[in-house]
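In what follows, a single structure is set out as structure tokens and then discussed.
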Amino acid sequence: MRPLTTFVIGLAGLALWATLLSLAGRTIGEQPGETFEIEDMPPEWAEAAPSDDPLAPAESGMQAPPEAEIVPDADLPGNQPTGMPPAGAADQASPSPSATDSLEVRPVSPEFFASPLNQAAGPLERIDPLQPPAEKTPERVRLVLLPRPESVEAGLIAFGSRNLKLSDITTTDRMRVCPTSKGGDWPCGMVARTQQRLFLRNRTIACDADSAEWEGTIEAHCQVGELDIARWLAENGWVEAPEGSPLGGLVEKARSERRGIFGDDQR
């Protein structure tokens with residue numbers, strides 16, 4: 001029973017829907033059509049007549065901006081004026097000999113830089129470049145290696161029968177005695193020689209002598225490694241310095257501090 005009832009209700013619905021469509025079409029067909037003339041249209045609806053110029057703006061309530069002047073680009077092909085040579089033709093053309101000869105130049109050599117107001121014009125002349133000055137090599141101090149030094153006294157070294165005195169200092173006599181703060185004396189000369197011997201320790205020294213072979217006594221600056229022997233003796237107060245010596249300040253400082261031979265017994 002239920003499927004039959006559903007089928008009957010469906011048929012009734014379809015019939016009702018067809019009836020409504022028929023009535024609606026009949027009602028629309030009976031109404032008269034409304035017509036109007038173009039004169040009845042509002043002014044703002046009127047469309048402007050098309051212009052023959054495609055670039056002309058449409059006539060409307062807004063005013064078109066003034067057109068900018070269009071200048072053709074000379075760099076683009078086809079925009080060059082008629083009768084003018086193409087770009088680059090003037091650069092490719094070689095100057096005439098008369099134009100080249102009429103150029104006024106002035107000398108600009110390093111030895112003479114002329115003013116255009118004081119020097120007559122002339123052709124430009126190519127000169128050879130100046131050679132750079134030769135670099136001067138610094139003079140190297142010749143060092144002579146002297147092995148097995150023997151301390152004769154502070155500031156004096158012997159190599160067999162040859163003697164070498166250290167520059168910028170005064171040797172300290174090994175027989176010299178110095179006073180103490182208590183009123184006595186002590187053999188400062190012997191102690192100074194011993195201190196130099198301990199400093200050298202029979203090591204090879206380097207001196208700025210002309211040759212490793214000489215006769216008698218020479219004077220030179222000597223070093224042990226990177227230490228200057230005379231400077232070490234002056235700093236520690238074991239020698240004195242003559243007037244004008246570059247080591248005089250070190251000797252005076254050792255004297256004020258009572259170091260070495262300027263102090264008490266160092267034994």
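Count residues from 1 along the sequence. For the numbers below, each heavy atom of this structure counts, side chains included, while hydrogens, waters and symmetry mates do not. What you see is a predicted model, and the numbers here were worked out from it, not measured in a lab.
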Shortest non-hydrogen contact from A234 to A254? O-CB, 3.8 Å
Does the pair F262 and E240 meet the rule for a side chain to side chain contact (heavy atoms under 4.5 Å, CB included), with working shown? CA-CA 10 Å; F262 308 110; E240 294 181 289; 3.8 Å; yes
Indicate yes or no: at least one non-hydrogen side-chain atom of R203 is less than 4.5 angstrom from one of R148. no
One thing to verify: whether E150 and R193 come together as a salt bridge, which I'm taking to mean a side-chain N less than 4.0 angstrom from a carboxylate O. no
Are S181 and D264 linked by a side-chain donor-acceptor pair shorter than 3.5 Å? yes
Name the residue from V239, D173, T172 that meets the side chain to side chain contact (heavy atoms under 4.5 Å, CB included) definition with E153. D173
Taking the side chain as every heavy atom from C-beta outward, state whether L200 and V224 have any atom pair closer than 4.5 Å. yes
Let me see the working for L247 and I169 under side chain to side chain contact (heavy atoms under 4.5 Å, CB included), right down to the final yes or no. CA-CA 7 Å; L247 302 180; I169 58 174; 3.7 Å; yes
Is there a path of hydrophobic side-chain contacts, each under 4.5 Å between heavy atoms, that joins M175 and L233? no
Whether over 12 other heavy atoms sit under 6.0 Å from D185 CG: yes
Smallest separation among heavy atoms of C188 and V177, with atom names: SG-C, 3.6 Å
Common cluster, I157/L145, ILVMFWY with side-chain heavy-atom separation under 4.5 Å: no
So, do S211 and V144 sit near enough that their side-chain heavy atoms are less than 4.5 Å apart? no
How close do C207 and A220 get, heavy atom to heavy atom, and via which atoms? CB-CB, 4.3 Å
Say whether, by atom type as modelled, one donor and one acceptor occur between the side chain of S245 and the main chain of D168 under 3.5 angstrom. yes
Distance-minimising heavy-atom pair for G263 and W186: O-NE1, 3.4 Å
Once you measure the plane-to-plane angle for F199 and W232, does it fall in the parallel (<30°), tilted (30-60°) or perpendicular (>60°) bin? parallel
Nearest heavy-atom neighbours spanning I261 and C178: O-SG, 3.6 Å
Please determine whether side chain to side chain contact (heavy atoms under 4.5 Å, CB included) holds for the pair V191 and R267, giving the CA-CA distance in whole Å, both sets of side-chain angles, and the decisive distance to 0.1 Å. CA-CA 7 Å; V191 175; R267 294 176 295 176; 3.7 Å; yes
R197, CZ atom: more than 12 neighbouring heavy atoms under 6.0 Å: yes
Test your reading of the model: is there a side-chain donor-acceptor pair from Q223 to the backbone of I205, 3.5 Å cut-off? no
Given I218 and K165, is the side chain to side chain contact (heavy atoms under 4.5 Å, CB included) satisfied, shown in steps? CA-CA 6 Å; I218 63 173; K165 176 186 174 299; over 6 Å; no
So, are R162 and E213 salt-bridged, with charged N and O less than 4.0 Å apart? yes
More than 12 foreign heavy atoms under 6.0 Å from CZ of R255: is that the case here? yes
Hydrophobic cluster identity match, L198 and L166, side-chain contacts under 4.5 Å: no
Which heavy-atom pair separates C222 from L164 by the least distance, and what is that distance? SG-CD2, 3.4 Å
One should read off an interatomic distance between T180 OG1 and Q266 CD, to the nearest 0.5 angstrom, of 11.5 Å
Between the side chain of D208 and the main-chain N/O of L143, is any donor-acceptor distance below 3.5 Å? no
Is there a path from L14 to L16 through hydrophobic residues (I, L, V, M, F, W, Y) whose side chains come within less than 4.5 Å of each other? no
Same cluster for W238 and M190 if Ile/Leu/Val/Met/Phe/Trp/Tyr side chains link at under 4.5 Å? no
